[in-house]
Amino acid sequence: MMKAIHLVPYDAVGGVEVAARSIADAEYSGLKFSKLYLVDKNAGESEDHPIAYFRALSRLQRMKPNLVIASLWRCCAVMLAHKLLSPRSRCVTFLHLSHDVHWLDYLLNRLAMWISDEIWADSISTLDARVPVFWRRKARVISFLVERSAVPLVRLPTPHFVFWGRLHKQKGLDRAVRFFGEVAKHRPDACFSVIGPDGGQLALLEQQIKNEGIEGIRFLGSMDRPDIFQFANDCAFYLQTSCDEGMAMSVVEAMQAGLVPVVTPVGEIGTYCNDGDNAVLVNDDEYAVQSVLRLLNDPTRYQQMAKNASQTWQDKPLYRDDVLSSCQHLLGP
């Protein structure tokens, strides 16, 4: 039986980790698929300690996979070492962001793409931005739709905004706070709920809110996914003003749930979100604020946009099916 191992740095709440968890470690039509995390955060292990890489490599060698999939630059380092020791093992570099975050990310991903049999990307924008032209023939886009949602609720356009994800500078939450503050000037009943663990921005955001005198924002910390979607049933807008993205899974999830996304068109977001049709795009903040205020006064228009948002993903393939079929295609019968 063929074995495929997906290398992931650690289990967390980000899109990469949520997608990885959506495929259970099991056998699928002659393919044994499993995940290997470099570190266990719950056990206090650090991804910055060299021992994590040697330990992961040792485990990988013992598992003897036919295919190794590496997500993010730390895992690329382990896959490269594994390829040196087991040259017959096939490799896939999996890209999840439309730009390199630093020089080591650039170097390790390029080396990994060089030795890989295939290159997977979470979106067309990521593929176009990061895969050199001479390697495009072995590149493909993998669907990042993790699950199919139930028929969304028919909501009224209340000024209730929500965000879920890491509180990281990449997510541009300082801009989201300012945006919400402008809406709240016109709608004092507005609220903005921020769900997710601190990625280094919580204290800065709390200070910003205090300095600008904005009310109605609350930080709720981490939640399980079912609880997030249950909470979102009482909201109307999903607010995310990211600086950079790949596929932006949380935006996809919000659209499936029937929320109208208020988002910056970065990464792949600008491909599937269309201003005035299924989303409010934040290019010019003042114009986007006025768009939201008009929707709050037009329930029919809001509900049509919410319906369009959820229908955007109805016929798209699931991540699980796309990854497994790609593994089987790469490994052969």
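Source: prediction; values computed, not measured.
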State, to 0.1 Å, how close [X] and [Y] come at their nearest heavy-atom pair, and which atoms those are.
X: Ser125; Y: Ser98; answer: O-CB, 4.2 Å
X: Thr241; Y: Ala176; answer: OG1-N, 3.1 Å
X: His96; Y: Asp122; answer: O-OD2, 2.9 Å
X: Ser71; Y: Val16; answer: CB-CG1, 4.0 Å
X: Leu31; Y: Leu331; answer: CD1-CD1, 3.7 Å

When rounded to the nearest 0.5 angstrom, what distance separates CD1 in Ile69 from OG in Ser326?
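Ile69 atom CD1 to Ser326 atom OG measures 8.5 Å (nearest 0.5 Å).
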With rounding to the nearest 0.5 Å, note down the distance linking CD in Glu47 to SG in Cys75.
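Reported to 0.5 Å precision, the distance equals 10.5 Å.
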Salt bridge between [X] and [Y], side-chain N to carboxylate O under 4.0 Å?
X: Glu147; Y: Arg320; result: no
X: Asp100; Y: Arg130; result: yes
X: Arg55; Y: Asp40; result: no
X: Lys316; Y: Asp321; result: no
X: Glu118; Y: Arg140; result: yes

Would you say the side chain of [Y] lies within less than 4.5 Å of the side chain of [X], judging by non-hydrogen atoms?
X: Leu95; Y: Met113; answer: yes
X: Ser46; Y: Val39; answer: no
X: Phe144; Y: Glu268; answer: no
X: Asn278; Y: Gln311; answer: no
X: Arg178; Y: Gln208; answer: yes
X: Trp313; Y: Met255; answer: yes
X: Leu67; Y: Met2; answer: no

Start with the C-alpha gap between Gln61 and His82, add the side-chain angles, then the distance that decides, and say whether side chain to side chain donor-acceptor pair (under 3.5 Å) holds.
CA-CA 7 Å; Gln61 287 287 293; His82 171 75; 2.7 Å; yes
Can Tyr37 and Tyr10 be said to form a ring pair (Phe, Tyr, Trp, His ring centres under 6.0 Å), step by step?
CA-CA 5 Å; Tyr37 295 107; Tyr10 47 81; 8.5 Å; no
Would Phe192 and Phe237 satisfy ring pair (Phe, Tyr, Trp, His ring centres under 6.0 Å), going step by step from the backbone distance to the final call?
CA-CA 9 Å; Phe192 181 24; Phe237 296 93; over 10 Å; no
Hydrophobic cluster identity match, Leu107 and Phe134, side-chain contacts under 4.5 Å:
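Yes; Phe134 is reachable from Leu107 via cluster members.
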When hydrophobic residues are tied together by side-chain contacts of less than 4.5 Å, even through go-betweens, does Val78 share a cluster with Leu84?
no
